[in-house]
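Reviewing the structure listed below.
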Amino acid sequence: MGSKFTRRSFLGGTAAGSVGLALGGSSSSPARALPAPETIDASDPAMLDALQAVSLLQSGILHPGELLDAYFERSRAMDQPVNAWIRIYPEVAYAAAEAAAGRLSAAGRARENGSVPLVCGLPIGLKDLYAVRGLPVTASSRVLDGNIASGDSGVWRRLDEAGMVLMGHTHTHEFALGVATSQVGNPWDFSRSVGGSSGGSAAALAACFTPLSAGTDTGGSLRIPASACGITSIKPTYGRCSTAGVIPLAWTRDHTGPMARSVADASLLLSYMAGADPGDPTTSAGPDVPASGYPISAKGGSSPLTGRRIGLPGNALGDLPDALTVLFEEALESARRLGAEVVDVNFPSVPASLMLGDRVEVGAYHQQFADRIGLYAPDNALLVGRDIAALATPVFDYIGFERDRLRFQRDYNRMFYDSSLDAIMLPGATVDGMKRNQYAGFSVFDGVTANVIWANYAGVPVVSMPVGRSRETGMPFGVQIGGLAWDESTIIEIGLELEFESPQWREVPRWVGAPRRIPEVTVAQPGLGPEATNTRSDPPSLYALPTLSARR
């Protein structure tokens, strides 16, 4: 290990290499996923991927505070042109790191390695929609200046209990309304967009400011930034991860999900984000999260995807630029080379009526800020005004939109069943390196930069992963691997094999960084609530659970 690691062997004699490697204290399948500590060679902990960091933390070679030092140092030294963080919380973070060290050390002394969650001691950034009690949650908007969360979001409560270390909140496109996140620069080229709305989270990962992050996806907001920044996201099944205590965009389309540099790291985080939350009834509707967590390692070998059928929806690919077409075809060929059968399928049409349903839900949340409309960014003020006006839509029409969505879900499932599919593959973007402000005024529902909204209406899981960089612009490009509801494991397994075959995620952008004085905040008096976001954010008592039915 490099000389910067100064707090070695803090577990008090724990033998490196005797690390318990399972999720949740179990001794099952993830054991082969973590690299042996002695094989990890890095002089800067910020360059570790999450699984490498886990190996070193659990073996006692790396102290959580030391790992946190590295990410804060890199962020402060280089975030000026990126602007990924809206705020950081050093006091909170170092307290959490010391608590994590205590848990790891106690387990080590008791020779109970593996009894501590694998993510214990790992830093994370949260999109500025997730409530954390006593800390600001502002949706990167002047509308919520000074707003302090009154409670914890369901996802953060789970991650906090697992021992994760909150570094700060990352920028979002204001209220997650758009696809640009223009205030953030793409580490690959600062003149290019990071995508939206989880753009700050994606940029922080690409820049190696944090090993893990959590975002949201209502119309591609995890997947568009993942493709733009060359990182991985997993949009889980609707209801797999709690949305309680998260500022909403459209309640029946909102998904929370993990972001990371690799599929393996994102899958690790999903295992701790997912699960039942009393604050979000949808999380109790589906099958349980696998007891051993989601897969975090590839099988490898010459044909690990043998028997897998991947659908290629030719009618849904869009008009790809030549450079992206090359990358997409290379990804398909990689799947074939690994043994998968790629079959042509016809993708069902997304009903145009559903767009108005989206606007009704957006307006229903934002009407509480109607007296502050002048505080929104000008483009977003127009969108919000239009969406508040959509509240005049008759209730009967809104119910009709929901029926249309159910029909689309069934048509989507029928495509899988009729062709015996395990997954489908689509491009992660239809624009090659969009300019930073090129689509600043477009809603996430407009679909101008990628074909993504289908997954939110179907409620199905999608892995978005990098497959290369454009030969025209040099910007990253990713693919979407979509599956059936509640079957995250299958699409993760496919993504892991593609990643093992061609680890594009290991490439890190290089730029001349500049120091930035990132705003630092300490815990304050929690907001009055009663809702965790300190806004009127709880959903109405209707939900859009995904179905596995294909009934016409």
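Scope of the values below: all heavy atoms of this structure, side chains included, with no hydrogens, waters or symmetry mates.
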I would like to know whether L48 and L62 meet side-chain contact (heavy atoms from CB on, under 4.5 Å); could you show each step before the answer?
CA-CA 11 Å; L48 297 169; L62 180 63; 3.9 Å; yes
Under the side-chain hydrogen bond (donor to acceptor under 3.5 Å, both in side chains) criterion, do S221 and S198 qualify, and how do the steps go?
CA-CA 5 Å; S221 293; S198 306; 5.3 Å; no
Which is it for L383 and F442 under the side-chain contact (heavy atoms from CB on, under 4.5 Å) test, yes or no, and what are the steps along the way?
CA-CA 9 Å; L383 293 175; F442 287 85; over 6 Å; no
Start with the C-alpha gap between E488 and T237, add the side-chain angles, then the distance that decides, and say whether side-chain hydrogen bond (donor to acceptor under 3.5 Å, both in side chains) holds.
CA-CA 7 Å; E488 285 82 2; T237 304; 2.7 Å; yes
R142 and E174: CA distance, side-chain angles, deciding distance, salt bridge (Lys or Arg N to Asp or Glu O under 4.0 Å) verdict:
CA-CA 9 Å; R142 292 189 301 155; E174 185 178 33; over 6 Å; no
V452/Q480 under side-chain contact (heavy atoms from CB on, under 4.5 Å): CA gap, chis, key distance, verdict
CA-CA 9 Å; V452 286; Q480 302 176 74; 3.7 Å; yes
Using side-chain contact (heavy atoms from CB on, under 4.5 Å), reason through W511 and M78 one step at a time and then give a plain yes or no.
CA-CA 9 Å; W511 75 93; M78 303 185 75; 3.7 Å; yes
For N437 and S182, run side-chain hydrogen bond (donor to acceptor under 3.5 Å, both in side chains): C-alpha distance rounded to whole Å, both residues' side-chain angles, the deciding distance at 0.1 Å, then the answer.
CA-CA 6 Å; N437 292 297; S182 309; 3.1 Å; yes
Salt bridge (Lys or Arg N to Asp or Glu O under 4.0 Å) between R506 and E499, worked out
CA-CA 10 Å; R506 292 193 180 278; E499 178 175 86; over 6 Å; no
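A donor-acceptor pair under 3.5 Å links the side-chain atoms of S75 to the main chain of Y71, judged by distance alone. Remark: the backbone N or O of G200 is not paired with any side-chain donor or acceptor of T170 at under 3.5 angstrom. Formation of a donor-acceptor pair under 3.5 Å by the Q52 side chain with backbone atoms of D49 is found in this model.
Between N186 and C229 the shortest side-chain heavy-atom distance falls below 4.5 Å. Looking at W156 and T256, their side chains never come closer than 4.5 Å, going by heavy atoms from C-beta outward. With contacts defined as side-chain heavy-atom distances shorter than 4.5 Å, the pair P476/S227 does not qualify. Annotation: side chain of V508 is in contact with side chain of R261 (closest heavy-atom distance under 4.5 Å). Between L68 and H63, the closest side-chain pair of non-hydrogen atoms is not below 4.5 Å. Residues Y365 and R536 fail the side-chain proximity criterion, which asks for heavy atoms closer than 4.5 Å. Using a 4.5 Å heavy-atom cutoff, the side chains of V462 and I234 are not in contact. Taking 4.5 Å as the limit, every side-chain heavy atom of L135 sits out of range of all side-chain heavy atoms of I148.
Nearest approach of A162 to V119, heavy atoms of both residues: CB-CG2, 3.7 Å. When all heavy atoms are compared, the tightest approach of R436 to P81 is NH1-O, 4.4 Å. What you find for V194 and A203 is that their closest heavy atoms are CG1-CB, 4.0 Å. Scanning both residues, V179 and H173, for their nearest heavy atoms gives N-ND1, 3.7 Å. Here the closest heavy-atom approach between residue S242 and residue D277 is recorded as OG-OD2, 2.6 Å. Across all their heavy atoms, T283 and C241 have their closest contact at CG2-C, 3.9 Å.
Defined by atom type and a distance below 3.5 Å, a donor-acceptor pair is missing between the side-chain atoms of D217 and Y238. Side-chain polar atoms of D128 and T172 form no donor-acceptor pair below 3.5 angstrom. If you check the side chains of K127 and T216, you find a donor sitting under 3.5 Å from an acceptor. At a cut-off of 3.5 Å, with distance as the only test, no side-chain donor of T232 or W505 sits close to an acceptor on the other residue.
Shown here is F369, whose CZ atom has more than 12 heavy atoms of other residues, nucleotides or ligands within 6.0 Å. Applying the 6.0 Å contact sphere to CG of D288 captures no more than 12 heavy atoms from other residues, nucleotides or ligands. Within a 6.0 Å radius of CZ in R133, no more than 12 heavy atoms belonging to other residues, nucleotides or ligands are found. Other residues, nucleotides and ligands contribute more than 12 heavy atoms inside 6.0 Å of the CD atom of Q80.
Rounding to the nearest 0.5 angstrom, the gap separating the OH atom in Y439 from the CD1 atom in I224 is 11.0 Å. Taken to the nearest 0.5 Å, the CE atom of M259 stands 11.0 Å off from the CD1 atom of I124. Separating the CG atom in D152 from the CZ atom in R158 is a distance of 13.5 Å, to the nearest 0.5 Å. Interatomic distance, CD1 of I296 versus CG of L269, reported as 12.0 Å (0.5 Å rounding). Here OH of Y294 is found 10.0 Å from CD1 of I491. Values are rounded to the nearest 0.5 Å. Taking CG of L129 as the start and OG of S197 as the end, the distance is 6.5 Å to the nearest 0.5 Å.
For the side-chain hydrogen bond (donor to acceptor under 3.5 Å, both in side chains) test with D254, the passing option among T218, N456, T243 is T218; the others fail.
Between R76 and E520, at least one side-chain N (NZ, or NE/NH1/NH2) sits under 4.0 Å from a carboxylate O, which counts as a salt bridge. R253 and E361 are joined by a salt bridge, as a carboxylate oxygen and a charged side-chain nitrogen come within less than 4.0 angstrom of each other.
Aromatic rings of F175 and H366 (six-membered ring for Trp) have centroids within the 6.0 Å cut-off, being under it.
The aromatic rings of Y94 and F72 sit tilted, their planes meeting at an angle between 30° and 60°.
Taking the ring axis of Y89 as reference, the NZ or CZ atom of R87 does not stay both within 45° of it and closer than 6.0 Å to the ring centre.
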